[in-house]
Amino acid sequence: MRERIRKDLIHYQRVHENKWNQILHYFAFLFAFWGWIFLFIDIKITIFLAILHYLFSWIGHFYFEGNKPAAFKYPLIGFYAGFLWFFLKSIELATKRRVLPTY
């Protein structure tokens with residue numbers, strides 16, 4: 001991994017250390033992923049999935065983690081690091097092998 005991407009992923013993981021927050025974020029990015037797919041099929045479903053994405057993410061941050069979402073301060077990093085984390089976490093769950101960088 002390039003050092004910058006690795007650094008951003010480590011930062012992303014540090015502000016998402018609570019297990020419940022991680023679970024909520026995994027589903028939030030699953031909703032976002034499906035939202036991008038439905039963007040070309042039905043905009044109403046895309047909007048609904050986007051609302052679910054933010055609802056799950058914000059509950060995770062404000063209730064379980066006790067911090068503000070990274071996307072408030074760094075929206076592009078929050079976007080790409082979040083999706084990258086989601087896909088790498090999916091690979092980890094499927095293969096039962098560590099893929100994400102450790103910190």
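Because the structure is a prediction, the values reported are computed rather than measured.
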Can Lys7 and Arg2 be said to form a side-chain contact (heavy atoms from CB on, under 4.5 Å), step by step? CA-CA 9 Å; Lys7 180 182 167 189; Arg2 293 183 128 159; over 6 Å; no

Test log, rule side-chain contact (heavy atoms from CB on, under 4.5 Å), inputs Arg4 and Ile77: CA-CA 11 Å; Arg4 176 65 188 192; Ile77 293 173; 3.6 Å; yes

side-chain contact (heavy atoms from CB on, under 4.5 Å) evaluation trace for Ile43 with Leu39: CA-CA 5 Å; Ile43 193 69; Leu39 182 63; 3.7 Å; yes

Before you tell me yes or no, could you show the steps for Tyr26 and Leu93 under side-chain contact (heavy atoms from CB on, under 4.5 Å), namely the whole-Å CA-CA distance, both residues' side-chain angles and the distance that decides it to 0.1 Å? CA-CA 11 Å; Tyr26 185 82; Leu93 292 171; 4.0 Å; yes

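For the ring pair (Phe, Tyr, Trp, His ring centres under 6.0 Å) with Phe83, the qualifying choice from Phe79, Trp85, Tyr80 is Phe79, the only one to do so.
Note on ring orientation: taking the six-membered ring where Trp is involved, the planes of Phe86 and Phe33 are tilted (angle from 30° to 60°).
Between Tyr12 and Leu84 the shortest side-chain heavy-atom distance does not fall below 4.5 Å.
A distance of 14.5 Å separates CG of Leu49 from NZ of Lys44, quoted to the nearest 0.5 Å. To the nearest 0.5 Å, the span separating CZ on Phe31 from CG on Leu24 amounts to 9.5 Å. To the nearest 0.5 Å, atom CH2 of residue Trp20 and atom CD1 of residue Ile59 are 13.0 Å apart. To the nearest 0.5 Å, the span separating CD1 on Ile45 from CG on Leu52 amounts to 11.5 Å. Here Phe62 contributes atom CZ and Asn67 contributes atom CG; the two are 8.5 Å apart, rounded to the nearest 0.5 Å. With values rounded to the nearest 0.5 angstrom, Arg6 atom CZ is found 6.0 Å from Thr102 atom OG1.
In the hydrophobic cluster analysis, where Ile, Leu, Val, Met, Phe, Trp and Tyr join through side-chain heavy atoms closer than 4.5 angstrom, Tyr63 is grouped apart from Val15. Residues Leu9 and Leu76 do not share a hydrophobic cluster, clusters being chains of Ile/Leu/Val/Met/Phe/Trp/Tyr side chains in contact below 4.5 Å.
Remark: the backbone N or O of Leu100 is paired with a side-chain donor or acceptor of Arg98 at under 3.5 angstrom. Listed for the Gln13 side chain is a donor-acceptor partner under 3.5 Å among the backbone atoms of Pro101. Between the Glu65 side chain and the Gly60 main chain, no donor and acceptor come within less than 3.5 Å of each other.
Annotation for Phe27: atom CZ does not count as buried by contact number, only 12 or fewer foreign heavy atoms lying within 6.0 Å. For Tyr54, the OH atom counts as loosely surrounded, since its 6.0 Å shell holds 12 or fewer non-hydrogen atoms of other residues, nucleotides or ligands.
Aromatic pair His53/Phe29: centroids less than 6.0 angstrom apart.
His61 and His16 make their closest contact through NE2-NE2, 3.0 Å (heavy atoms, listed as atom of the first residue, atom of the second, distance).
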